[in-house]
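Working notes, beginning with the structure itself.
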Amino acid sequence: MGIIKVENIRIFAHHGCLKEETQIGSDYLVDVEVEANLQTAAKTDKLSDTVDYVFLNKIVREEMSKPLYLLETVGKRILNRIFNEDVLVNKATVWVSKLNPPIGGD
């Protein structure tokens, strides 16, 4: 097994439970880590034999563009898409961070 990480995907989106959050929007950082068997890709040097980080970035950007109340929900949607659209992925973890939450601090 091998691990592919895509870190610090910076996205402006409109998630949150407060009306202001969904209207104004905020900056987010998303990290994705997937585990897959990368032995074939290491031998063939073919993109089709690995998990393409461009594909992972695309899923994150598409799902983050759909406003939701909870970051847990957007994280689950990202995971569902990864597992449904890439059969090579055995395990995945997603971290979604709101950079300026309305809590009086970072």
Anything under 3.5 Å between a donor and an acceptor, one on a side chain of residues 31-41, the other on a protein residue two or more places apart or in another chain? List them.
from: Asp31; atom 1: OD1; to: Asn8; atom 2: N; distance (Å): 2.6
from: Asn37; atom 1: OD1; to: Gln39; atom 2: N; distance (Å): 2.9

Practice item. Using the side chain to side chain contact (heavy atoms under 4.5 Å, CB included) rule, take Arg10 and Leu99 through it: C-alpha gap first, then chi angles, then the decisive distance, then the call. Key: CA-CA 10 Å; Arg10 190 176 185 109; Leu99 297 182; 3.6 Å; yes

Practice item. Kindly work out whether a path of hydrophobic side-chain contacts (I/L/V/M/F/W/Y, heavy atoms less than 4.5 Å apart) joins Val54 to Leu56. Key: yes

Closest heavy-atom contact between [X] and [Y]?
X: Val94; Y: Val96; result: CG1-CG2, 3.9 Å
X: Ile78; Y: Ile59; result: O-CG2, 4.0 Å
X: Phe83; Y: Val89; result: CE2-CG1, 3.7 Å

Practice item. Dump the intermediate steps for side chain to side chain contact (heavy atoms under 4.5 Å, CB included) on Lys98 and Glu21, then the final yes or no. Key: CA-CA 11 Å; Lys98 184 180 282 192; Glu21 291 178 293; 2.5 Å; yes

Revision key, fill the gap. Besides Leu70, the hydrophobic cluster formed by Ile, Leu, Val, Met, Phe, Trp and Tyr side chains linked at under 4.5 Å, directly or via other members, contains Tyr69

**Study point:** Neighbour count above 12 (heavy atom, 6.0 Å) for Asn84 CG
**Key:** yes

Point to revise | Heavy atoms of other groups near Lys66 NZ, more than 12 under 6.0 Å | key: yes

Revision key, fill the gap. Residue pairs passing the ring-ring contact (aromatic ring centres under 6.0 Å, His included) test with at least one member in residues 34-57, sequence neighbours excluded, are none

Check your understanding: How would you list all residue pairs meeting ring-ring contact (aromatic ring centres under 6.0 Å, His included) that involve residues 12-46, not counting sequence neighbours?
Key -> Phe12-His14, His15-Tyr28

**Study point:** All side-chain hydrogen bond (donor to acceptor under 3.5 Å, both in side chains) counterparts of Asp49, not counting sequence neighbours
**Key:** Thr44

Check your understanding: Can you list the residues that meet the side chain to side chain contact (heavy atoms under 4.5 Å, CB included) rule with Glu20, with sequence neighbours excluded?
Key -> Leu18, Ile24

Check your understanding: Atom CE of Met64 and atom CD1 of Ile9: how far apart are they, to the nearest 0.5 Å?
Key -> 9.5 Å

Exercise for review: Answer yes or no: is there a donor N or O on one side and an acceptor on the other, between the side chain of Thr50 and the main chain of Leu47, under 3.5 Å?
Suggested key: no

Practice item. List for me each residue that meets salt bridge (Lys or Arg N to Asp or Glu O under 4.0 Å) alongside Arg81, sequence neighbours excluded, and say none if there are none. Key: Glu62, Glu63, Glu85

